[in-house]
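These notes concern the structure reproduced below.
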Amino acid sequence: MSTLKRFTLALCGALACGSIACGSIAMAADSPHLGKPISEADIKAWDISVLPDGTNLPPGSGNAAQGAKVFVDHGCNQCHGDGGKGGSSNILVGNPPLTKDGIASNKTIANFWAYPTTLFDYVRRAMPWPTPHTLTDDEVYAVCAYLFAANELISPDQVMNAQTLPKVKMPNHDNFIIKFPDRI
């Protein structure tokens, strides 16, 4: 039997018995020994998804004044313009009607996004470009507070944290049609 067939059988066996989920695979003696088992700690470091209800938001907090400083210090204004009002990348602030230009309408945080937690998740995961995942959780909360305040969704002095952020009322929340509601 070839090494590839033995490895495939060992992998299928590991999948069937669930041993991959717990981080160990019984490999054939002549397997190529590629990769390494993944620990729960390894997975936790990358398990940063935040759900719409706020599940998995980390500890920390920030306000709009702190966020304005982070926005400039980390170069967010270089792509999104001063105050997030337009640059080479998406406009973040403003509430232009989505019906004016159809599909080409500017989609901002205030006129398009359905959940406030999406902003936290996206900023933490993908910003600032080109150094994503470099902001602290406090800095991400602060940037969110800054952008929510700039969009007049919260007062400028409101603190964002794991309890307050999911409660921000998004103007377009009720205008999304769930494509597969039975999968939720």
Side-chain angles (χ1 to χ4, degrees), residues 23 38-98 105-180 183-184:
I38 299 174
S39 71
E40 289 297 321
D42 292 333
I43 293 169
K44 187 173 173 73
W46 287 96
D47 184 17
I48 62 171
S49 296
V50 175
L51 301 181
D53 68 357
T55 299
N56 213 19
L57 277 168
S61 65
N63 62 40
Q66 295 163 332
K69 183 172 176 8
V70 172
F71 197 82
V72 172
D73 290 352
H74 288 272
C76 306
N77 59 336
Q78 292 175 6
C79 293
H80 298 287
D82 291 335
K85 295 182 180 176
S88 60
S89 289
N90 292 353
I91 296 170
L92 302 174
V93 175
N95 197 359
L98 289 173
S105 295
N106 286 317
K107 293 162 189 73
T108 67
I109 293 166
N111 76 354
F112 187 72
W113 294 30
Y115 298 99
T117 53
T118 303
L119 180 61
F120 185 94
D121 185 76
Y122 186 76
V123 169
R124 179 168 68 160
R125 182 182 306 278
M127 295 292 138
W129 185 88
T131 56
H133 207 212
T134 59
L135 297 176
T136 67
D137 292 333
D138 288 333
E139 289 172 325
V140 177
Y141 278 117
V143 167
C144 290
Y146 171 65
L147 293 172
F148 289 145
N151 277 292
E152 300 177 359
L153 302 177
I154 65 169
S155 66
D157 59 339
Q158 188 172 351
V159 173
M160 287 290 100
N161 58 41
Q163 289 73 43
T164 59
L165 189 135
K167 294 177 184 173
V168 174
K169 177 66 176 142
M170 302 302 283
N172 201 39
H173 179 268
D174 296 328
N175 294 327
F176 278 80
I177 298 169
I178 298 171
K179 190 171 183 178
F180 301 107
R183 293 186 187 175
I184 295 178

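The model shown is predicted, which means the values in this text are computed figures rather than measured ones.
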Working to the nearest 0.5 angstrom, can you tell me the gap between [X] [atom1] and [Y] [atom2]?
X: Q163; Y: S61; atom1: CD; atom2: OG; result: 10.0 Å
X: I109; Y: N95; atom1: CD1; atom2: CG; result: 11.5 Å
X: Q78; Y: C76; atom1: CD; atom2: SG; result: 9.0 Å
X: L119; Y: C144; atom1: CG; atom2: SG; result: 4.0 Å
X: I154; Y: T164; atom1: CD1; atom2: OG1; result: 7.5 Å
X: L153; Y: Q158; atom1: CG; atom2: CD; result: 10.0 Å

Residue pair [X] / [Y]: nearest heavy atoms and the distance that separates them:
X: G83; Y: Y146; value: CA-OH, 3.2 Å
X: G62; Y: A145; value: O-CB, 3.7 Å
X: I91; Y: G86; value: CG1-CA, 3.7 Å
X: A64; Y: A149; value: CB-CB, 3.9 Å

- request: Take R125 and V123 through the test side chain to side chain contact (heavy atoms under 4.5 Å, CB included) and record every step on the way to the result.
  value: CA-CA 6 Å; R125 182 182 306 278; V123 169; over 6 Å; no
When you measure from the side chain of [X] to the backbone N and O of [Y], does any donor-acceptor pair fall under 3.5 Å?
X: N56; Y: D47; result: yes
X: K169; Y: K167; result: no
X: N90; Y: L92; result: no
X: N111; Y: T108; result: yes
X: D121; Y: P116; result: no
X: R124; Y: I48; result: yes

message: Can you confirm if the aromatic rings of W46 and H133 lie within a centre distance of less than 6.0 Å?
response: yes
Hey, can you tell me if [X] and [Y] have their rings parallel, tilted or perpendicular (30° and 60° cut-offs)?
X: F112; Y: F176; result: perpendicular
X: F71; Y: H80; result: tilted
X: H173; Y: Y115; result: perpendicular

field: Residues forming a side-chain hydrogen bond (donor to acceptor under 3.5 Å, both in side chains) with D174, sequence neighbours excluded
entry: none
- request: Sequence neighbours left out, what passes side-chain hydrogen bond (donor to acceptor under 3.5 Å, both in side chains) with N172? Give chain and number order.
  value: N175
- request: Evaluate side chain to side chain contact (heavy atoms under 4.5 Å, CB included) for N63 paired with M160, printing each intermediate quantity in order.
  value: CA-CA 6 Å; N63 62 40; M160 287 290 100; over 6 Å; no
- prompt: Do P58 and Y141 come close enough that some side-chain heavy atom pair is under 4.5 Å?
  reply: yes
- prompt: Can you list the steps and then say if D138 with T136 is a side chain to side chain donor-acceptor pair (under 3.5 Å)?
  reply: CA-CA 5 Å; D138 288 333; T136 67; 5.1 Å; no
message: Pair H74, M127 - check side chain to side chain contact (heavy atoms under 4.5 Å, CB included), show working.
response: CA-CA 9 Å; H74 288 272; M127 295 292 138; over 6 Å; no
message: Applying the side-chain contact (heavy atoms from CB on, under 4.5 Å) criterion to P166, which one of T117, D53, T55 satisfies it?
response: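 Only one option passes, and that is T117.
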- prompt: If we ignore angles and hydrogens, is there a donor and acceptor under 3.5 Å between the side chains of D42 and S39?
  reply: yes
message: On the six-membered ring of F180, is R183 placed so that its NZ or CZ lies under 6.0 angstrom from the centre and within 45° of the ring axis?
response: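 Checked: cation-pi criterion met.
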